[in-house]
Enquirer: 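Here it is, the structure, as structure tokens.
Keep in mind the model is a prediction, meaning the values are calculated, not measured. In each ligand, atom 1 is the first atom listed, and ligand 1 is the first ligand listed.
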Amino acid sequence: MAPTALFGGTFDPLHNGHLAVAREAADRFHLDRVLFVPAAHPPHKTRGAIAPYPDRVNMVELGCGEDPRFEASRIEAGQRRNYSIDTVERLDAAGAKPDFFLIGADAFAEIRTWHRWRDLIRAVEFIVVSRPGARFEVPLGALVRSLEGVWLNISSSDIRAKIAAGDTDVPVPAAVLRYIAEHGLYR
Ligand code: ATP
Ligand code: MG
């Protein structure tokens, strides 16, 4: 069976960088499926997400329409905080354990701060994507494949700042830009 990857994030909003990373990983590692998993309550964002969870999932769903290998997941919906290890274990229990965990170098650099990170590195292999300004070390025991080709200076933070300033020339799919405008997000 072809391997699958879980791609977690806040996706506030989903942008072309996320899609390029997922496409490149899917091509390079012959992935059947990339499951985009927006966090309902992102544990690593001190001020939380800006856009509500339902809007962030809807935007991910719109973007996932661009590639048949991409799928949006609502597995982290709910009141509780969600940790990646719990999500991986829930998928595993449902017979859908991801082979890979797709992650940017900035996020992977902080992996040792994640809830039950040792269990997570035992459970999945990581595909770590290079990102401008981010360096990382590989914790002992972690299985890591590096994806170096993608080097995109795109972030949701920059996109939110631009939209707040009234600039709509932002690197997101057209359907996502329409959604942002229609729902008055990030203004
Ligand atoms: P923010 O600026 O709000 O943190 P972001 O652009 O980093 O947003 P996230 O939702 O935080 O987006 O990221 C989800 C995952 O995608 C993380 O693993 C992150 O490292 C990765 N990622 C996001 N943008 C890029 C990029 N341009 N290149 C490589 N990885 C990326
Ligand atoms: Mg980020």
Enquirer: Any side-chain heavy-atom pair from C64 and E71 closer than 4.5 angstrom?
Expert: no
Enquirer: Can you check whether F126 and F100 have ring centres sitting under 6.0 Å from each other?
Expert: no
Enquirer: Numbering the atoms of ligand 1 from 1, which are under 4.0 Å from a heavy atom of R160?
Expert: 3 (O)
Enquirer: Out of all atoms in ligand 1, which are within 4.0 Å of some heavy atom of T10? Include the element for each.
Expert: 10 (O)
Enquirer: Between R69 and R23, does a side-chain contact (heavy atoms from CB on, under 4.5 Å) hold up when you go through it step by step?
Expert: CA-CA 9 Å; R69 297 169 296 187; R23 202 173 298 121; 3.7 Å; yes
Enquirer: Would you find a donor on one side and an acceptor on the other, under 3.5 Å apart, between the side chain of K162 and the backbone of T168?
Expert: no
Enquirer: Return the residue, atom name and 0.1 Å-rounded distance of the protein heavy atom closest to atom 17 (C) of ligand 1.
Expert: G104 N, 3.9 Å
Enquirer: Identify the protein heavy atom lying closest to atom 11 (O) of ligand 1, giving its residue, its atom name and the separation to 0.1 Å.
Expert: K45 NZ, 3.3 Å
Enquirer: Identify the protein heavy atom lying closest to atom 8 (O) of ligand 1, giving its residue, its atom name and the separation to 0.1 Å.
Expert: S156 CB, 3.1 Å
Enquirer: State the atoms of ligand 1, each with its element, that fall below the 4.0 Å cut-off from a heavy-atom position in F11.
Expert: 10 (O)
Enquirer: Using a plain distance cutoff, I'd like to know if I154 has any nitrogen or oxygen under 3.5 Å from a nitrogen or oxygen of ligand 1.
Expert: yes
Enquirer: For R56 and P42, which heavy atoms make the closest approach, and how far apart are they?
Expert: NH2-CD, 4.4 Å
Enquirer: Check whether R145 reaches the backbone of E125 with its side chain - one donor and one acceptor, N or O, closer than 3.5 Å.
Expert: no
Enquirer: If we check side chain to side chain contact (heavy atoms under 4.5 Å, CB included) with V124, which of these qualifies: I103, I85, D99, V88?
Expert: V88
Enquirer: For G8, counting its heavy atoms only, list the atoms of ligand 1 lying under 4.0 Å from any of them.
Expert: 14 (C), 15 (C)
Enquirer: Looking only at protein heavy atoms, which one is nearest to atom 13 (O) of ligand 1, and what is the separation?
Expert: H18 NE2, 3.5 Å
Enquirer: For I154, which of I159, V172, V170 qualifies under side chain to side chain contact (heavy atoms under 4.5 Å, CB included)?
Expert: I159
Enquirer: Give me the residue, atom name and distance of the protein heavy atom closest to atom 7 (O) of ligand 1.
Expert: R131 NH1, 2.9 Å
Enquirer: Can you find a non-hydrogen atom of L152 under 4.0 Å from ligand 1?
Expert: yes
Enquirer: How far is atom 20 (O) of ligand 1 from the closest protein heavy atom, and which atom is that?
Expert: D106 OD1, 2.6 Å
Enquirer: Could you tell me, atom by atom, which parts of ligand 1 come under 4.0 Å of a heavy atom of G9?
Expert: 10 (O), 14 (C)
Enquirer: Taking only heavy atoms of V21, which atoms of ligand 1 are found under 4.0 Å from at least one of them?
Expert: 28 (N), 29 (C), 30 (N)
Enquirer: Can you tell me which portion of S130 lies within the under-4.0 Å heavy-atom range of ligand 1? Options are side chain, backbone, both, or neither.
Expert: backbone
Enquirer: Using a strict cut-off of 4.0 Å, indicate which atoms of ligand 1 neighbour a heavy atom of S157.
Expert: 1 (P), 2 (O), 3 (O)
Enquirer: Which heavy-atom pair separates R160 from D12 by the least distance, and what is that distance?
Expert: NH1-O, 2.7 Å
Enquirer: Can you tell me how the ring of F7 sits relative to the ring of F11, calling it parallel under 30°, perpendicular over 60° and tilted otherwise?
Expert: perpendicular
Enquirer: Check the orientation of W114 and F101. Use parallel for under 30°, tilted for 30 to 60°, and perpendicular for over 60°.
Expert: perpendicular
Enquirer: Using a 4.0 Å cut-off to any heavy atom of S155, which atoms of ligand 1 qualify?
Expert: 2 (O), 6 (O)
Enquirer: Does F7 come within less than 4.0 angstrom of ligand 1, counting non-hydrogen atoms of the residue?
Expert: yes
